[in-house]
Every structure is written in structure tokens, then in C-alpha cells.
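The block underneath contains the structure these notes are about, expressed in C-alpha cells.
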Amino acid sequence: MAKERILLCVSHMGGREMDFINEAFKDNWVVPLGPNVNGFEADLEAFVNNVEGGTPLDKKVVALSSGTAAVHLALLNCGVGPGDEVIVQSFTFCASTNPVKYLGATPVFVDSEPDSWNIDPVLMEDAIKDRIAKTGRAPKAIVPVALYGMPYNVDAIMDVANRYGIPVIEDSAEGFGSRWGGRVLGTFGRYGVMSFNGNKMITTSGGGALICRNAEERNKIMWYATQARESYPYYQHEAIGYNYRMSNISAGIGRGQMYIAEEHIAHHRHVQDMYRELLRDVPGITLHEAPGSMYESNFWLCTITIDPALRIKGQERAYSEVITNAVGGAAGVIHTAREAHTDLEPNANVEGLRMYLNEQGIETRPLWKPMHAQPVFKDCPAYLNGVSEGLFRIGLCIPAGPAVTDDHLRFIVDSIRNAIID
């Protein structure tokens with residue numbers, strides 16, 4: 001078992017993907033539009049508009065080249081531009097924040113609540129009031145994030161946003177299939193962001209989508225995503241557009257993935273259930289759980305926190321040298337770090353456990369380093385309560401993807417148990 005590499009999360013093919021891809025090649029639809037794109041958008045609309053026990057919605061979906069592109073176009077269509085500010089959850093991946101800078105605006109980071117790990121609605125309102133007092137203007141948008149698939153507190157966030165008239169762009173890239181009270185994430189705000197990267201709940205290899213309120217907004221987003229071309233027999237452009245449309249080949253993969261989407265979601269929830277049982281008596285290890293019945297997480301990644309007092313075999317080697325084996329290749333890391341330490345990093349026992357599990361062939365990863373702690377955003381306003389920094393120091397993501405079997409889970413937890421020094 002130990003010789004097999006257990007990856008954190010990689011989507012699996014369901015068997016129908018090649019049918020749609022072959023059809024695209026047969027019909028010569030190898031471009032960023034076509035039947036598969038239209039079909040995938042229709043499948044996604046059926047998925048997001050389904051409300052458990054309620055009236056179906058009528059949201060529209062635009063398939064795009066990435067989740068980052070979806071964030072970018074949503075911000076653009078909310079009127080974000082140079083000199084504006086955008087409230088962004090600090091505890092997230094940089095794709096939630098970078099598009100704010102693309103548009104010349106300033107991200108305003110807000111820390112997390114301790115139970116969901118997502119944006120703290122009370123602190124968010126404090127930030128809005130303070131920005132209005134300091135700048136004379138409310139932020140142009142709010143970007144909550146479904147961290148590791150866990151829903152944000154939709155009701156509280158929307159209540160604050162509506163009172164101040166600020167549009168919400170739900171970054172549910174990690175939350176495909178997660179719901180708030182029976183309704184799919186991404187359908188509450190003005191826009192909802194989806195991602196189909198290779199490690200997501202379903203994949204198109206690389207790609208994303210934007211959930212829109214209506215057909216008019218969908219058409220505006222689609223116009224921006226196709227270079228903002230006007231309806232002349234030649235190329236006429238009266239605004240700056242982007243090459244953000246999903247390809248017909250990628251959409252073919254997505255159409256095949258939709259056949260197994262519910263199966264993948266069910267598997268991730270099963271993994272969470274098994275971890276709950278297996279980790280129950282492991283000292284110093286706490287599995288992150290949904291804080292209430294409204295939070296219907298897909299558990300895209302399962303996460304644990306590690307008691308700072310816990311001692312791990314080999315933790316004395318943590319940060320003893322600069323990591324070089326992640327540079328280049330599939331990792332996509334080009335720059336080698338100059339030194340082993342940064343100002344904010346996981347505790348030595350967390351890094352020690354990551355290293356120990358890696359030696360057993362088990363891939364794990366620290367939690368997202370908060371955006372307010374990233375050097376590139378050091379000059380941006382931040383409203384902090386210590387939650388995200390505290391979690392970053394003690395948290396670890398553990399395998400949860402479709403390839404992870406029950407035997408893998410037992411091996412992973414046995415390895416965690418063996419790593420602990422009594």
C-alpha cells in the first residue's frame with residue numbers, strides 16, 4: 001500500500017467524455033464555441049437551478065476558460081475599475097483576489113469566522129462601514145469563498161450586502177454541489193463562480209463558468225468573453241474584450257463529467273464520514289466539520305487541525321532546507337524560494353506530519369495562506385481577527401478525491417497515528 005501514491009484530489013473520467021470529444025472532432029468543432037459548449041451550459045443550468053424541495057430557479061450559465069476568468073468578468077460587469085475597492089475573503093486561493101488587481105482596483109481583506117472558516121459577516125460589515133468612513137464610498141463588490149467546499153453564511157452575508165447595496169460575487173469554485181439550505185452555492189448573489197480545474201469535483205481539464213441572474217447578463221458576459229465583437233460582417237470592437245470562452249473539446253469533457261457529478265459529490269461526503277469515524281480516537285487531530293444543517297458541504301477537500309502540543313516524528317527537520325522538488329513540471333512552480341522560512345508558516349508539527357505522510361506516499365497540503373499575509377498584497381487594507389492566521393498554522397488538507405478508496409483512508413489514518421509520538 002505504501003508504495004502507491006495517494007493524491008490529494010484528482011478528478012476521474014466517467015466513460016462518456018470521449019463520446020463528446022470524438023463527436024467534436026468528427027464535426028470539426030475544435031474551437032471555443034459549438035454544440036458541446038451549448039450542451040454543457042444547459043447541463044450546468046439544470047444542475048444549479050434545482051432547489052431541493054423548492055421551486056426551480058432560472059439562472060443562466062456561461063462556460064469560460066477558467067474560474068479566474070469568471071471572477072474577472074463578474075467584477076468587470078459589476079463596474080469595478082481603477083480606484084475602486086472590493087471586499088474579498090482573505091482565507092482563500094489567490095484567484096479570488098488577483099482579478100481585482102487586473103482591473104486596477106484594491107482588494108480589502110476580511111478575516112474568517114472560526115466555525116465555517118469563511119468570511120466573517122460581522123467583521124465584513126465593520127470593514128464596509130470603515131471603508132465608507134475613510135473613502136466616502138462603499139466597496140464595489142463582495143467576494144465570499146466556499147473554502148474547501150464549505151458554504152459561507154449566505155443569509156448573513158446577503159443581509160449585509162443588500163443593506164449597503166453591494167453586489168455579491170460568490171466564489172464557489174471549490175463548492176460545486178455544495179448547498180445552503182438546499183440551494184446550490186453561486187445562485188444567491190449577482191454572480192456565482194464555478195471551476196473545473198483538474199482537481200475539482202468535476203473537470204474539463206481546465207475551465208470554469210459564471211452563473212448569471214438572467215439572459216441579459218449572460219449575454220453581456222458572453223460578449224466580454226468573446227473579444228467584445230460587434231454584430232458586423234467584419235471585426236468591429238467598441239470595448240475591450242477577452243478570449244475567455246471555453247473550448248468545444250473541454251466542454252465535451254464537462255458533458256461527460258456531468259453524468260458522474262452526483263457520484264463524485266457522494267464519494268467526497270462518504271470520505272468525510274469515514275475520516276470522522278477513523279479519526280475519532282486519534283489524539284490531537286480534529287476534523288473540520290460543517291457548523292450547522294444549513295451548511296451542506298461537498299467536502300471537496302477534507303481538512304484537519306493539529307494540536308500545537310502534538311509531537312510528530314521528524315518534525316525537527318521541518319523547514320531545515322529550501323524545497324526544490326516542487327519546482328517546474330506538473331507543480332507549475334517556476335521560482336525557487338530564497339529561504340526556507342516566511343513570516344507566517346504552518347507549525348513545525350504540521351510540516352512534520354506533511355513530510356512524514358509524503359514519505360508514505362500520501363499527498364497532503366497546508367491550508368491556503370491568507371491573502372493579507374501574501375507579500376504581493378502587503379499594502380492592501382485588511383480587517384483581521386486572527387482566525388485565518390491561526391488556522392493556517394495548524395491546518396492540513398488530506399486526500400479526498402474519487403481515486404481515494406476506503407483502504408486508502410484506513411492507511412492514511414494509520415499513518416497519521418503512527419506519525420504521532422506518544
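Keep in mind it's a predicted model, so treat the numbers as computed, not measured.
- Remark: Asp273 does not engage Arg269 in a salt bridge, criterion side-chain N to carboxylate O under 4.0 Å.
- Using modelled atom types, one side-chain atom of Glu363 and one backbone atom of Leu8 make a donor-acceptor pair closer than 3.5 Å.
- For the atom pair OG1 (Thr203) and CG (Asn199), the distance works out to 8.0 Å, reported to the nearest 0.5 Å.
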Test salt bridge (Lys or Arg N to Asp or Glu O under 4.0 Å) applied to Arg276 and Glu289, step by step: CA-CA 9 Å; Arg276 182 184 303 114; Glu289 298 272 26; 2.6 Å; yes
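- Side chain of Asn349 to backbone of Arg311: no donor-acceptor contact under 3.5 angstrom is found.
- Among all heavy-atom pairs drawn from Val10 and Leu7, the shortest one is CG2-CD1, 3.7 Å.
- At least one side-chain heavy atom of Cys302 sits under 4.5 Å from a side-chain heavy atom of Ile398.
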Residue pair Arg255, Asn36: steps toward the side chain to side chain donor-acceptor pair (under 3.5 Å) verdict: CA-CA 7 Å; Arg255 292 184 76 182; Asn36 281 338; 3.1 Å; yes
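- Put simply, the residue from Glu17, His264, Arg16 that forms a side chain to side chain donor-acceptor pair (under 3.5 Å) with Gln257 is Glu17.
- Separation of the Trp300 and His268 ring centroids does not fall under the 6.0 Å cut-off.
- Considering only heavy atoms from C-beta on, Thr305 stays 4.5 Å or farther from Leu287 through its side chain.
- Side chains of Met246 and Pro32 form no contact here, defined as non-hydrogen atoms less than 4.5 Å apart.
- Aromatic ring centres of His372 and Phe377: separated by at least 6.0 Å.
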Criterion ring pair (Phe, Tyr, Trp, His ring centres under 6.0 Å) on His72 and Tyr224, from CA distance to verdict: CA-CA 10 Å; His72 185 189; Tyr224 274 129; 9.0 Å; no
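- Ser66 places a side-chain N or O within 3.5 Å of a backbone atom of Ala69 that can act as its donor or acceptor partner.
- Side chains of Lys369 and Gln374 form a contact here, defined as non-hydrogen atoms less than 4.5 Å apart.
- No side-chain heavy atom of Ile304 sits less than 4.5 Å from a side-chain heavy atom of His288.
- Between Phe392 and Phe91, the gap from one ring centroid to the other reaches at least 6.0 Å.
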Verdict with reasoning, Glu170 to Val193, per side-chain contact (heavy atoms from CB on, under 4.5 Å): CA-CA 6 Å; Glu170 299 179 66; Val193 173; over 6 Å; no
Steps toward side chain to side chain donor-acceptor pair (under 3.5 Å) verdict (Gln315, Tyr356): CA-CA 9 Å; Gln315 74 177 60; Tyr356 182 92; over 6 Å; no
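- The shortest distance between side-chain heavy atoms of Ser112 and Ile119 does not fall below 4.5 Å.
- A donor-acceptor pair under 3.5 Å links the side-chain atoms of Ser178 to the main chain of Asn298, judged by distance alone.
- Side-chain atoms of His267 and Glu263 include no donor-acceptor pair closer than 3.5 Å.
- Within the 4.5 Å cutoff, no side-chain heavy atoms of Asn418 are placed close to those of Ile416.
- The backbone N or O of Arg131 sits less than 3.5 Å from a side-chain atom of Thr135, completing a donor-acceptor pair.
- Take Glu277 and apply the salt bridge (charged side-chain N to carboxylate O under 4.0 Å, His left out) test, not counting sequence neighbours, and it matches Arg280.
- Open room surrounds CD on Glu321; 12 or fewer heavy atoms of other groups in view lie less than 6.0 Å from it.
- Using a distance-only test at 3.5 Å, with no hydrogens or angles considered, a donor-acceptor pair links the side chain of Asp120 to the main chain of Leu123.
- A salt bridge links Arg417 to Asp281: one of the charged nitrogens lies within less than 4.0 Å of a carboxylate oxygen.
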Steps toward side chain to side chain donor-acceptor pair (under 3.5 Å) verdict (Asn77, Glu217): CA-CA 8 Å; Asn77 218 34; Glu217 290 201 347; 5.2 Å; no
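- Centroid-to-centroid, the aromatic rings of Phe20 and Phe25 stay 6.0 Å apart or farther.
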Intermediate values then yes/no, salt bridge (Lys or Arg N to Asp or Glu O under 4.0 Å), Arg354 and Glu351: CA-CA 5 Å; Arg354 186 197 68 80; Glu351 174 61 7; 2.8 Å; yes
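- A salt bridge does not link Asp414 with Arg410: every distance from a Lys NZ or Arg NE/NH1/NH2 to an Asp or Glu carboxylate oxygen is 4.0 Å or more.
- The side chain to side chain contact (heavy atoms under 4.5 Å, CB included) with Pro144 is formed by just one residue from the set Asn118, Val168, Asp171; it is Val168.
- Atom CZ of residue Arg183 and atom CG of residue Asn49 lie 9.5 Å apart, to the nearest 0.5 angstrom.
- Side chains of Asp111 and Ser388: a donor-acceptor N/O pair is present below 3.5 angstrom, by distance only.
- Taking both residues in full, the closest heavy atoms of Ile202 and Phe176 are given as CD1-CZ, 3.8 Å, listed atom of the first, atom of the second, then distance.
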Step-by-step side-chain contact (heavy atoms from CB on, under 4.5 Å) determination, Asp130 to Tyr383: CA-CA 10 Å; Asp130 193 56; Tyr383 295 80; 2.5 Å; yes
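- In this structure, Arg213 is not positioned above the aromatic face of Tyr191 in the sense of NZ or CZ being under 6.0 Å from the six-membered ring centre and within 45° of the axis.
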Stepwise side-chain contact (heavy atoms from CB on, under 4.5 Å) check, Leu409 with Asp406: CA-CA 5 Å; Leu409 296 173; Asp406 289 3; 4.3 Å; yes
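- For Ser11 (side chain) and Lys200 (main-chain N/O), a donor-acceptor pair under 3.5 Å exists by modelled atom type.
- With contacts defined as side-chain heavy-atom distances shorter than 4.5 Å, the pair Phe109/Pro381 does not qualify.
- Side-chain contact of Tyr152 with Gln89: a donor-acceptor pair under 3.5 Å is absent, judged by distance alone.
- Side chain of Asn153 to main chain of Ala156: a donor-acceptor pair is present (N/O by atom type, distance under 3.5 Å, no hydrogens or angles).
- Remark: Asp58 engages Lys60 in a side chain to side chain donor-acceptor pair (under 3.5 Å) (not counting sequence neighbours).
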Worked verdict on Ile412 versus Ile6 for side-chain contact (heavy atoms from CB on, under 4.5 Å): CA-CA 9 Å; Ile412 291 165; Ile6 305 173; 4.1 Å; yes
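- Residue-environment remark: CD (Glu216) stays at or below the threshold of 12 foreign heavy atoms within 6.0 Å.
- Tested against Ile285 for a side chain to side chain contact (heavy atoms under 4.5 Å, CB included), the candidates Leu396, Asp307, Ile306, Val413 yield a single pass: Ile306.
- By the 4.0 Å N-to-carboxylate-O rule, Arg137 lies too far from Glu85 to be salt-bridged with it.
- Atom NZ of Lys220 and atom CG of Leu76 lie 7.5 Å apart (nearest 0.5 Å).
- Here the closest heavy-atom approach between residue Ser293 and residue Glu296 is recorded as O-CG, 3.8 Å.
- Formation of a donor-acceptor pair under 3.5 Å by the Ser250 side chain with backbone atoms of Ser247 is not found in this model.
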